[in-house]
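Have a look at the structure below before the remarks.
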There are 2 protein chains.
Amino acid sequence: MTSESSKKHPTPTRRISESTIHRLSVYYRQLAILESEGYHTVSSKELAKREKLTPAQVRKDLSFFGSFGTRGLGYPTTELKQKIANILGIDKLWHVALVGAGNIGSALASYKEFAKQGFELNSIFDNDQRKIGSNHKGITISDIGTLPEALKKHHIEIVVIAVPASNAQKIADICVATGIKAILNFAPINLKVPSDVVLRTVNMSMEMEYLSFYLCNRHNIDVPGKG
Amino acid sequence: MTSESSKKHPTPTRRISESTIHRLSVYYRQLAILESEGYHTVSSKELAKREKLTPAQVRKDLSFFGSFGTRGLGYPTTELKQKIANILGIDKLWHVALVGAGNIGSALASYKEFAKQGFELNSIFDNDQRKIGSNHKGITISDIGTLPEALKKHHIEIVVIAVPASNAQKIADICVATGIKAILNFAPINLKVPSDVVLRTVNMSMEMEYLSFYLCNRHNIDVPGKG
DNA sequence: TTTTAGTTGTGAATGAATTCACAGGAAAAA
DNA sequence: TTTTTCCTGTGAATTCATTCACAACTAAAA
Ligand SMILES: NC(=O)c1ccc[n+]([C@@H]2O[C@H](COP(=O)([O-])OP(=O)(O)OC[C@H]3O[C@@H](n4cnc5c(N)ncnc54)[C@H](O)[C@@H]3O)[C@@H](O)[C@H]2O)c1
Ligand SMILES: NC(=O)c1ccc[n+]([C@@H]2O[C@H](COP(=O)([O-])OP(=O)(O)OC[C@H]3O[C@@H](n4cnc5c(N)ncnc54)[C@H](O)[C@@H]3O)[C@@H](O)[C@H]2O)c1
């Protein structure tokens with residue numbers, strides 16, 4: 001009997017693995033495809049087949065969040081898609097800010113998929129005087145000095161960091177101090193943030209190194225995740 | 001007794017987890033930092049502390065590939081860094097081609113880190129007549145029609161796909177048919193490749209969705225990977 | 001109505017990854 | 001030389017994730 005179980009909260013603290021969360025994203029995309037193909041229901045078997053997973057995995061993942069299916073029939077496509085959107089929180093609008101309007105930052109600012117998923121990028125920051133004040137896809141690039149006040153003013157919940165590695169920690173610290181709880185980092189560095197802030201780092205060099213490792217070792221090592 | 005064990009190959013087939021490979025990349029970066037800070041040796045304890053891992057994890061990861069340390073002393077910084085570079089295959093030059101010279105493709109073509117790690121991007125392909133023949137960072141953009149012959153001519157081992165999702169499978173198929181064994185994909189789609197081809201997909205929307213999930217569920221769910 | 005086929009949801013079993021715990025060895029201090 | 005301190009390498013134990021297997025239920029056919 002933990003202190004947690006004495007609370008009347010409807011959903012007690014459970015542990016959901018990172019893999020399960022990523023698979024929810026995968027199911028969401030596949031459900032959109034199934035929906036467009038006209039399927040009203042889909043079985044765990046079919047969903048699993050399309051994503052090279054096991055039906056049990058699909059059912060177990062979903063069961064962590066509730067009972068969405070009908071025995072003998074499967075899951076209602078549109079409803080399940082909506083349920084997953086709700087679980088992932090992509091049925092609402094998120095306010096996103098981008099720091100660093102360089103090569104990768106500019107690409108991200110032009111990325112349409114984000115907006116489609118409800119991630120509204122409406123603030124861009126840089127410290128380069130030549131960029132500050134200029135317009136990028138309809139968004140004016142602001143001075144990095146205004147970051148704290150702007151994060152609050154625009155109710156930013158998620159910050160994307162796309163500055164050189166040497167400046168990334170400094171930006172992260174400002175975000176944390178301003179109350180940001182979610183950061184997506186593209187700088188190849190291990191940022192330090194408090195445990196109540198979620199940080200995801202996309203490190204493309206590490207992905208390349210994984211490929212390189214596989215090419216070198218595929219004959220003597222059984223590498224997972226291939227295929 | 002498998003057919004493998006009858007070969008005289010020094011390293012029989014073992015299973016190395018994806019996490020272990022990623023951590024090798026992480027150790028490599030941290031060793032470079034330790035080296036620059038003047039450390040000649042480093043203990044699993046120190047390495048673990050800097051990456052928020054356990055010392056046992058560090059030792060176990062390294063032990064899959066050999067015994068690199070000295071009891072009572074630790075690991076020799078420079079030597080271990082070199083050993084890991086060799087395991088990951090980043091002590092050699094890899095020939096990389098990029099398909100899709102759009103927003104993200106252009107950013108990747110300008111990315112200096114790749115070259116530093118031995119990933120030489122020397123071919124770019126597109127199907128847009130306005131882009132073909134133009135120069136990007138000293139590399140002429142080639143017609144996508146010439147992809148198969150160019151991959152062979154330039155001994156390309158790794159292909160980076162940065163085209164719209166609708167065209168990505170087509171490009172992957174051409175690469176596979178030409179004998180490519182490693183693909184880094186940026187299109188948000190589940191590409192199908194044979195089991196002897198290693199595919200890594202960087203899906204930024206999924207990373208955003210992970211952040212969104214965390215923001216919605218951090219009070220009732222114990223989400224891993226935060227901190 | 002009864003039977004048959006199909007599918008979920010979930011405890012139990014299995015498998016994989018991580019951590020523990022300590023023998024074995026190296027260096028430094030006594 | 002002997003003792004103490006420190007740290008690796010690794011089997012065993014543990015924790016975590018996946019898969020199995022089946023009761024419970026639905027819909028459709030007989
Ligand atoms: N280019 C790529 O394809 C790529 C790929 C993966 C990762 N990255 C990483 O993303 C980051 C950015 O890379 P890039 O190629 O876009 O570099 P870049 O130099 O083109 O862009 C960096 C931008 O950040 C701005 N900046 C620097 N310090 C700042 C600060 N303190 N506050 C606000 N803005 C600041 C600069 O003015 C510049 O506009 C780097 O950490 C890089 O390693 C880039
Ligand atoms: N822009 C981003 O920040 C970003 C982020 C994550 C993922 N992505 C993904 O990366 C891919 C590219 O995105 P983008 O924003 O750079 O798009 P883009 O439209 O700017 O670039 C796509 C490029 O691919 C070329 N192309 C299209 N079909 C081709 C073919 N069959 N052969 C060769 N070249 C072809 C186009 O001419 C264009 O130059 C998309 O799948 C997108 O979802 C983009």
Side-chain angles (χ1 to χ4, degrees), chain A residues 11-24 26-27 31 34 39-77 79-80 83-84 87 210 221-227, chain B residues 11-24 26-27 31 34 39-77 79-80 83-84 87 210 221-227:
Chain A
T11 43
T13 299
R14 294 158 292 164
R15 170 160 267 266
I16 303 292
S17 76
E18 181 174 328
S19 319
T20 291
I21 304 171
H22 277 110
R23 282 191 299 268
L24 288 183
V26 164
Y27 302 150
L31 285 165
L34 284 158
Y39 290 94
H40 289 192
T41 62
V42 61
S43 65
S44 58
K45 197 177 160 192
E46 174 65 18
L47 205 41
K49 202 186 87 192
R50 292 184 175 222
E51 298 292 349
K52 291 231 203 81
L53 298 167
T54 64
Q57 178 91 82
V58 172
R59 294 199 300 275
K60 182 67 95 180
D61 284 338
L62 296 175
S63 78
F64 291 134
F65 301 95
S67 299
F68 309 120
T70 307
R71 289 175 147 109
L73 198 59
Y75 299 92
T77 314
E79 256 178 75
L80 182 60
K83 280 279 186 201
I84 293 178
I87 293 163
Y210 188 96
I221 286 187
D222 187 12
V223 185
K226 62 183 180 182
Chain B
T11 44
T13 299
R14 294 158 293 163
R15 169 160 267 263
I16 303 291
S17 76
E18 180 175 328
S19 319
T20 291
I21 304 170
H22 276 111
R23 282 191 300 267
L24 287 183
V26 163
Y27 302 151
L31 286 164
L34 285 157
Y39 290 95
H40 289 192
T41 62
V42 61
S43 64
S44 58
K45 195 176 161 192
E46 175 65 19
L47 205 40
K49 202 186 88 193
R50 291 184 174 221
E51 298 292 349
K52 291 231 203 82
L53 298 167
T54 64
Q57 178 90 81
V58 172
R59 295 199 299 275
K60 182 66 97 181
D61 284 337
L62 296 174
S63 78
F64 291 135
F65 301 95
S67 298
F68 309 120
T70 306
R71 289 177 148 113
L73 197 59
Y75 300 92
T77 314
E79 257 177 73
L80 182 59
K83 280 280 186 200
I84 292 177
I87 293 164
Y210 188 97
I221 285 187
D222 188 10
V223 185
K226 62 181 180 181

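We name chains A, B, ... by the order of the sequence lines, and we start the count at 1 in each one.
- Between A/Asp61 atom CG and C/dT10 atom P there is a gap of 14 Å when expressed in whole angstrom units.
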inquiry  = One pair to check against side chain to side chain contact (heavy atoms under 4.5 Å, CB included): A/Leu53 and A/Asp61. What are the steps and the verdict?
reply    = CA-CA 11 Å; A/Leu53 298 167; A/Asp61 284 338; 5.7 Å; no
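- Between B/Tyr75 and D/dG9 there is a side-chain N or O to OP1 or OP2 distance below 4.0 Å.
- Each of A/Leu62 and B/Thr54 lies near DNA chain C, and the nucleotide nearest A/Leu62 is the one positioned closer to the 5' end.
- With D/dA17, D/dT18, C/dA27 as the choices, the nucleotide that has an atom nearest any side-chain atom of B/Leu73 turns out to be C/dA27.
- Taking every side-chain heavy atom of B/Thr70 into account, C/dA26 is the closest of C/dC22, C/dA17, C/dA26.
- Atom NZ in A/Lys52 sits about 14 Å away from atom P in D/dT19, given to the nearest Å.
- In this structure, the NE2 atom of B/His22 is 14 Å from the P atom of C/dA17, given to the nearest Å.
- Contact record, A/Tyr75 with A/Phe68: CD2-C, 3.7 Å, taken as the closest heavy-atom pair.
- Protein atom CD of A/Glu18 is 11 Å distant from nucleotide atom P of D/dT18, rounded to whole Å.
- In this model, the phosphate group of D/dC20 is not approached by any side-chain N or O of A/Arg59 to a distance below 4.0 Å at OP1 or OP2.
- Looking at B/Arg50 and B/Glu46, a side-chain N of the basic residue comes within less than 4.0 Å of a carboxylate O on the acidic one, giving a salt bridge.
- The NZ atom of B/Lys83 sits 12 Å away from the P atom of D/dG9 (whole-angstrom rounding).
- Minimum atom distance to the side chain of A/Arg15 is reached by D/dA17, of the listed C/dT10, C/dT7, D/dA17.
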Test side chain to side chain contact (heavy atoms under 4.5 Å, CB included) applied to A/Tyr27 and A/Val42, step by step: CA-CA 11 Å; A/Tyr27 302 150; A/Val42 61; over 6 Å; no
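- Taking atom CD1 of residue B/Ile21 and atom P of nucleotide C/dA17, one finds them 10 Å apart after rounding to whole Å.
- Checked against C/dG11, D/dT8, C/dT8, the side chain of A/Lys60 finds its nearest nucleotide in C/dG11.
- Nearer the 5' end of DNA chain D, as judged by each residue's closest nucleotide, is the contact made by B/Ala56, out of A/Ser19 and B/Ala56.
- Counting distance only, with no hydrogens placed and no angle test, the side-chain atoms of B/Arg71 and the base atoms of D/dT8 include a donor-acceptor pair under 3.5 Å.
- Counting to the nearest Å, the P atom of D/dC7 and the CZ atom of B/Phe68 are 20 Å from each other.
- From B/Lys60, atom NZ reaches atom OG1 of B/Thr54 across 11.0 Å, with rounding to the nearest 0.5 Å.
- The separation between A/Gln57 atom CD and C/dA13 atom P is 20 Å, rounded to whole Å.
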